[in-house]
Peer 1: 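Please find one structure pasted underneath; my questions will follow.
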Protein chains: 2
Amino acid sequence: MTISSTFGRENNQRNMDTTGEVGSFFKSAFSVDNVIFGFDGGDLKVLLIQRGQAPFKDKWALPGDLVYPNEDLNTAAERVLEQLTGLRGVYLEQVKTFGAVNRHPLGRVITVAYITLIKISNYTVTAASFAQSAKWHNIDEVGDLAFDHNEILESCLRRLKRKVRTAPIGFELLPPKFTLTELQQLYDSVLRLPKRLDKRNFRKKILSMNLLVECPEMQEGVAHRPAKLYQFDREKYGQFVNEGFIFDI
Amino acid sequence: MTISSTFGRENNQRNMDTTGEVGSFFKSAFSVDNVIFGFDGGDLKVLLIQRGQAPFKDKWALPGDLVYPNEDLNTAAERVLEQLTGLRGVYLEQVKTFGAVNRHPLGRVITVAYITLIKISNYTVTAASFAQSAKWHNIDEVGDLAFDHNEILESCLRRLKRKVRTAPIGFELLPPKFTLTELQQLYDSVLRLPKRLDKRNFRKKILSMNLLVECPEMQEGVAHRPAKLYQFDREKYGQFVNEGFIFDI
DNA sequence: GCAAAAGTGTTAACTTTACACCCATGG
DNA sequence: CCATGGGTGTAAAGTTAACACTTTTGC
């Protein structure tokens with residue numbers, strides 16, 4: 001096989017139907033799968049759906065769908081999220097594509113895995129049918145998932161662990177106003193370090209970035225000294241990045 | 001549209017041909033594109049091919065191909081590399097999948113981008129036909145590429161820049177035995193920092209990791225004091241990683 | 001002997017880590 | 001008044017950054 005024939009194949013596609021020599025390349029599909037992370041103040045969670053049909057009937061799985069013919073990959077991931085939760089405009093990141101020949105029992109389907117970070121309080125079960133089919137699971141209690149979804153989840157969790165330290169994405173999992181303790185708990189439950197972060201050092205570090213603005217109001221209704229509330233200043237972050245700043249925890 | 005119908009679509013694939021309601025999802029294909037990096041002692045290079053046919057005839061492009069029906073994605077990327085260079089078993093990393101609806105003028109083709117790192121001296125033009133169609137380009141002199149390949153290249157370059165600091169992959173671009181100056185030049189040309197790395201600090205840091213073993217022989221045939229040659233100790237690195245070591249430059 | 005790159009150490013600035021007690025509130 | 005988590009500073013250890021001259025070789 002010469003180089004020009006090898007690399008010519010992509011050149012030579014004359015049509016997109018399934019006839020002719022090129023046809024077999026089109027008996028395949030692609031999907032997106034969405035690892036939707038949430039944080040409830042204690043644990044990192046992932047939103048799973050329970051499958052109603054074969055294959056893997058009754059198994060828990062990542063929400064996902066085939067990509068429509070005229071739909072960009074990101075759009076498909078956003079659609080999956082919106083159909084499940086009603087949420088739009090949230091943090092979405094492509095992580096990795098899984099394409100083992102036999103990963104889907106019914107044919108050749110490669111899937112592009114995405115991470116989504118949502119503020120769990122914004123997520124409301126929008127229909128009764130949902131309540132039975134979608135549920136938050138603690139990240140270490142997901143059990144055996146459908147397809148290769150355990151592998152996908154692991155990849156996405158690794159990515160989250162790395163990224164949460166090098167980009168200000170943790171805030172996507174918290175309500176707009178949060179306490180420093182909540183923020184620290186978030187880091188602790190995502191990172192699962194052998195030792196929890198040191199309270200004083202954590203506060204020093206995060207405040208020294210000058211990315212948090214103090215809210216005028218305080219935490220309310222707690223049986224202890226109420227904490228200050230902070231907001232993440234997106235705009236400032238953008239400025240600082242332009243000046244060469246690199247987020248790092 | 002209910003959730004079960006939405007998320008049932010992937011469930012419901014009954015066959016992989018193109019008939020029936022599901023058919024339109026299979027009028028699509030996927031390819032891999034390979035960003036093959038090399039280093040010649042001075043500059044970071046990327047191996048491009050010149051297209052012989054439309055679309056984008058005569059344009060430079062990343063080597064790539066459609067994925068065979070029974071081929072894993074990684075295998076396809078390895079095949080593309082081997083057909084172009086004859087090399088096997090080199091460093092390969094999936095980076096990102098590009099799937100804009102119109103990225104391919106002839107149909108819906110999503111492509112999975114890979115980085116490959118090769119020791120440029122191992123790459124030999126294996127056929128005369130190659131010489132005309134494949135060529136190393138300096139990383140900042142690639143010009144206008146076919147398809148969305150400029151975007152793909154940028155993504156892969158960003159990934160390389162990050163990864164070269166956090167994993168010992170730079171060695172994949174150097175011959176098995178190299179001098180510390182060569183190693184530093186590699187980092188300088190990949191990272192393109194505003195200031196070049198400091199020679200003494202760089203040596204201190206890299207040697208303090210205890211991952212390089214000194215070779216008995218020295219550099220030869222240079223018109224100056226010959227440098228010590230080093231090898232990267234893969235095995236030791238594996239051990240250290242198990243003990244929690246994190247590579248960082 | 002000269003051009004060219006190899007090789008080498010010290011100090012100051014900065015960052016990270018470890019660590020313990022008083023404060024404000026609700027019940 | 002007590003239980004609960006909020007809030008705070010310092011010192012030691014470690015890391016990074018800046019910096020210039022001597023050595024060895026080929027020609």
Side-chain angles (χ1 to χ4, degrees), chain A residues 39-43 165-166 174-175 177-189 191 193-231 240 243-249, chain B residues 39-43 165-166 174-175 177-189 191 193-231 240 243-249:
Chain A
F39 177 68
D40 72 354
D43 292 295
R165 304 189 72 136
T166 55
L174 291 176
K177 298 179 181 188
F178 51 83
T179 69
L180 294 182
T181 300
E182 287 166 343
L183 186 60
Q184 188 188 332
Q185 283 169 340
L186 168 66
Y187 277 97
D188 278 325
S189 44
L191 297 176
L193 299 171
K195 325 211 167 204
R196 307 187 57 227
L197 298 168
D198 178 88
K199 184 163 66 159
R200 279 181 283 195
N201 293 339
F202 177 79
R203 284 164 181 245
K204 233 180 304 172
K205 186 152 191 181
I206 201 96
L207 289 176
S208 73
M209 291 184 191
N210 286 309
L211 291 172
L212 298 188
V213 301
E214 234 174 275
C215 301
E217 69 270 32
M218 303 283 270
Q219 193 183 32
E220 276 175 26
V222 289
H224 56 75
R225 176 172 173 180
K228 285 182 190 164
L229 292 170
Y230 292 85
Q231 284 188 278
F240 289 175
E243 295 161 8
F245 170 77
I246 295 175
F247 186 91
D248 177 56
I249 280 189
Chain B
F39 177 69
D40 72 353
D43 291 295
R165 304 189 73 137
T166 54
L174 291 176
K177 299 179 182 189
F178 49 84
T179 69
L180 294 182
T181 299
E182 285 167 344
L183 186 59
Q184 187 188 333
Q185 283 169 340
L186 167 66
Y187 277 96
D188 278 324
S189 43
L191 298 175
L193 299 171
K195 324 210 167 202
R196 308 188 57 228
L197 297 167
D198 178 88
K199 183 163 66 158
R200 280 180 284 193
N201 293 338
F202 177 79
R203 284 163 182 244
K204 232 179 304 172
K205 185 152 193 183
I206 201 95
L207 289 175
S208 73
M209 292 184 190
N210 285 310
L211 290 172
L212 299 187
V213 301
E214 233 176 273
C215 301
E217 71 269 32
M218 303 283 271
Q219 194 183 31
E220 277 176 25
V222 288
H224 55 76
R225 176 172 173 180
K228 286 182 191 164
L229 292 170
Y230 292 86
Q231 283 188 279
F240 289 175
E243 296 160 8
F245 170 78
I246 295 174
F247 186 91
D248 177 56
I249 281 188

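Convention: sequence-line order gives letters A, B, ...; per-chain numbering from 1.
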Peer 1: Less than 4.5 Å apart, any side-chain heavy atom of B:Asp188 and any of B:Gln184?
Peer 2: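 Result yes, sub-4.5 Å side-chain heavy-atom pair found.
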Peer 1: Want to settle it: does A:Arg225 or A:Lys195 sit nearer the 5' end of DNA chain C, counting the closest nucleotide to each?
Peer 2: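 Nearest nucleotide further toward 5': that of A:Lys195.
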Peer 1: Would you tell me if any nitrogen or oxygen in the side chain of B:Arg203 comes within less than 4.0 Å of OP1 or OP2 on C:dG7?
Peer 2: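 Yes.
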Peer 1: Kindly indicate whether the side chain of A:Arg200 and the base of C:dA20 share any N or O donor-acceptor pair separated by less than 3.5 Å?
Peer 2: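 Side chain to base: pair present.
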Peer 1: Rounded to whole angstrom units, what separation is found between the CG atom of A:Asp248 and the P atom of D:dT15?
Peer 2: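 Going from CG in A:Asp248 over to P in D:dT15 covers 15 Å.
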Peer 1: Classify the nucleic acid contact of B:Lys205 as base, sugar-phosphate or nothing, counting any heavy atom under 4.0 Å across all strands shown.
Peer 2: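 Touches sugar-phosphate only.
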Peer 1: Whole-Å distance between D:dG5 P and A:Glu220 CD?
Peer 2: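 Answer to the nearest Å: 19 Å.
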Peer 1: What's A:Thr181 touching, base or sugar-phosphate or nothing? Going by heavy atoms closer than 4.0 Å.
Peer 2: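 Sugar-phosphate contact only.
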Peer 1: Counting the benzene-type ring for Trp, do B:Phe202 and B:Tyr187 have ring centres under 6.0 Å apart?
Peer 2: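 They qualify: ring centres under 6.0 Å apart.
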Peer 1: Please check if atom CD in A:Glu217 has more than 12 non-hydrogen atoms from other residues, nucleotides or ligands closer than 6.0 Å.
Peer 2: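 For A:Glu217, atom CD is crowded (more than 12 foreign heavy atoms under 6.0 Å).
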Peer 1: Expressed as a whole number of angstroms, how long is the span from A:Ile206:CD1 to D:dG7:C1'?
Peer 2: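 A:Ile206 atom CD1 is separated from D:dG7 atom C1' by 16 Å.
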Peer 1: Just call it for B:Lys228: base, sugar-phosphate, or nothing, with non-hydrogen atoms closer than 4.0 Å on any strand.
Peer 2: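 Sugar-phosphate contact only - B:Lys228 comes under 4.0 Å of backbone atoms but never of a base.
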Peer 1: Between B:Glu182 and B:Asp198, who's closer to the 5' end of DNA chain C by nearest nucleotide?
Peer 2: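 That would be B:Glu182.
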Peer 1: Ignoring hydrogens and angles, does a donor from either the side chain of A:Lys204 or the base of C:dT15 sit under 3.5 Å from an acceptor on the other?
Peer 2: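 Looking at the base of C:dT15, it does not pair with any donor or acceptor on the side chain of A:Lys204 (distance under 3.5 Å).
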Peer 1: Rounding to a whole Å, what distance do you find between A:Gln219:CD and C:dT25:P?
Peer 2: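 Answer to the nearest Å: 12 Å.
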Peer 1: Taking atom P of C:dA6 as reference, at what distance in whole Å does atom CZ of B:Phe202 sit?
Peer 2: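 Distance check: B:Phe202 CZ to C:dA6 P gives 12 Å.
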Peer 1: Atom CG of B:Asn201 and atom C1' of C:dG7: how far apart are they, to the nearest Å?
Peer 2: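 B:Asn201 atom CG is separated from C:dG7 atom C1' by 14 Å.
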Peer 1: Which sits closer to the 5' end of DNA chain D, A:Met218 or A:His224, going by the nucleotide each is nearest to?
Peer 2: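 Between the two, 5'-proximity favours A:His224.
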Peer 1: Could you tell me how far apart A:Leu207 (CG) and D:dG6 (P) are, to the nearest whole angstrom?
Peer 2: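 From A:Leu207 CG to D:dG6 P: 14 Å.
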Peer 1: Regarding B:Thr181 and B:Arg203, is there a side-chain donor-to-acceptor distance under 3.5 Å anywhere?
Peer 2: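 Short answer, yes.
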Peer 1: Expressed as a whole number of angstroms, how long is the span from B:Lys199:NZ to D:dC21:C1'?
Peer 2: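 These atoms are roughly 11 Å apart.
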Peer 1: Would you find more than 12 non-hydrogen atoms of other residues, nucleotides or ligands less than 6.0 Å from A:Ile246 atom CD1?
Peer 2: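 Not buried by this count: 12 neighbours or fewer within 6.0 Å.
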